[in-house]
Amino acid sequence: MKRKTEVSELIFRIVAYFILIIFALMCVYPLIYALSAAFSSSDAVNGGKVILWPVGIQGKAFLYVLKDNVFWINYSNTLFVTFFGTVWALGYSILGAYALSKKRLLGRHGFNFFLVFTMWFSAGIIPQYQNYMQTAQIFGSIGITDLKWTVVIAMGMNATNIILLRNSFEGVPSEIEEAARIDGATELQILTKVYIPMSKATIATVALFFGISRWNGYFWAYKVIPGEQRYSWPVQVYIRDFLNEYTTIANGGNVETMDSWNYPFATTSVLYSMVVCAVIPILAIYPFIQKYFAKGVNMGGVKE
């Protein structure tokens, strides 16, 4: 028999759906505005006429970005940092989480405490910066002068993701591991043949976290990679540098168009065109990983 919905429950659902719809619109609107501003005319953008839909449609700003070779070089750098940074961080996070999930690990509670301790207290920006620069010097001493590797190697630790993986590994039945050991499986085989396949939802979720953080990473790449190596910048640093240049021009009084660069469209349209290009890979990949997201967080975040 179907239960009759009470008035209070109905009111709660209406309010909840209303809040969720408003929140969703707040999340989607910046992307819609970026697309509209990218395809709007200079007068419409600078005059504040763009609200939802493009006004005075033009595509020259996107053409400018498509023809900007430096932008695409930096774009490829972001792909490089995201791929290798995710693989590196996910690889040792899996190894660390697997070790911490074993009760037979000597000093396990101490290691877990120090891992959680880093979530409560941070060393601060200056020690982190010194650490990254020391890492860059070590790379330079062995002949690695491309500082993209500093961004990949030195910025991989994330205690939250290791804890998610550890909790997921602890949820794997011990009987399965014992059966694998009886069959002669080594420690590495148990990890790759038992734990990783049974925790693929959490691993996919953590990979998404690492990938997004690498793709959106700006601050440390901006601090570590100097302007002399601008061809090693991630695309986010390039966009920031473009914005700084635009701000300099704006402070000089030329805020109408890119006339000083001989382009008849708003500089803001170029910035939004770059932003749209920068978010396309995440928008393309996310739907394929979304099905693992809720399951992965629940498996890794809840410990029975």
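Any value given below was found using the heavy atoms of this structure, including those in side chains, with hydrogens, waters and symmetry copies removed.
- Tyr129 does not carry Lys223 over the face of its six-membered ring by the limits of under 6.0 Å from the centre and within 45° of the normal.
- To the nearest 0.5 Å, the span separating OG on Ser40 from OH on Tyr272 amounts to 11.0 Å.
- Side-chain atoms of Glu177 do not come within 3.5 Å of backbone N or O of Ala180 as any donor-acceptor pair.
- Note: Ile51 CD1 to Tyr33 OH = 9.0 Å, rounded to the nearest 0.5 Å.
- Taking all atoms of both residues into account, the shortest heavy-atom contact from Val172 to Ser199 is CG2-OG, 4.1 Å.
- Sorted by first and then second residue, the pairs that involve residues 42-62 and meet ring pair (Phe, Tyr, Trp, His ring centres under 6.0 Å), not counting sequence neighbours, are Phe39-Phe62.
- With hydrogens and angles disregarded, a donor-acceptor distance shorter than 3.5 Å links the side chain of Asn77 to the backbone of Trp233.
- Every salt bridge (Lys or Arg N to Asp or Glu O under 4.0 Å) that Glu187 has, sequence neighbours left out, goes to Arg104, Arg181.
- Cluster annotation: Leu66 is not connected to Val275 through the hydrophobic network of ILVMFWY side chains, with a link wherever side-chain heavy atoms come within less than 4.5 Å.
- Listed by first then second residue, pairs satisfying ring pair (Phe, Tyr, Trp, His ring centres under 6.0 Å) with a partner in residues 162-198 read Tyr98-Tyr195, Phe169-Tyr195, not counting sequence neighbours.
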Would Trp149 and Phe80 satisfy ring pair (Phe, Tyr, Trp, His ring centres under 6.0 Å), going step by step from the backbone distance to the final call?
CA-CA 9 Å; Trp149 285 107; Phe80 175 92; 5.0 Å; yes

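- For CZ of Phe219, the number of neighbouring non-hydrogen atoms (other residues, nucleotides, ligands) closer than 6.0 Å is greater than 12.
- A donor-acceptor pair under 3.5 Å is absent between the side-chain atoms of Thr86 and the main chain of Ala207, judged by distance alone.
- Here the closest non-hydrogen pair linking Ile282 and Trp215 is CG1-CD1, 3.8 Å.
- Scanning for ring-ring contact (aromatic ring centres under 6.0 Å, His included) contacts around Tyr222 gives Tyr218, with sequence neighbours left out.
- Screening Thr202, Asn112, Asn161 against Arg166 for a side chain to side chain donor-acceptor pair (under 3.5 Å) leaves a single residue, Asn112.
- For Lys49, the side-chain hydrogen bond (donor to acceptor under 3.5 Å, both in side chains) test picks out no residue, with sequence neighbours left out.
- Considering only residues two or more places apart in sequence or on other chains, Tyr29 meets the ring-ring contact (aromatic ring centres under 6.0 Å, His included) condition with none of them.
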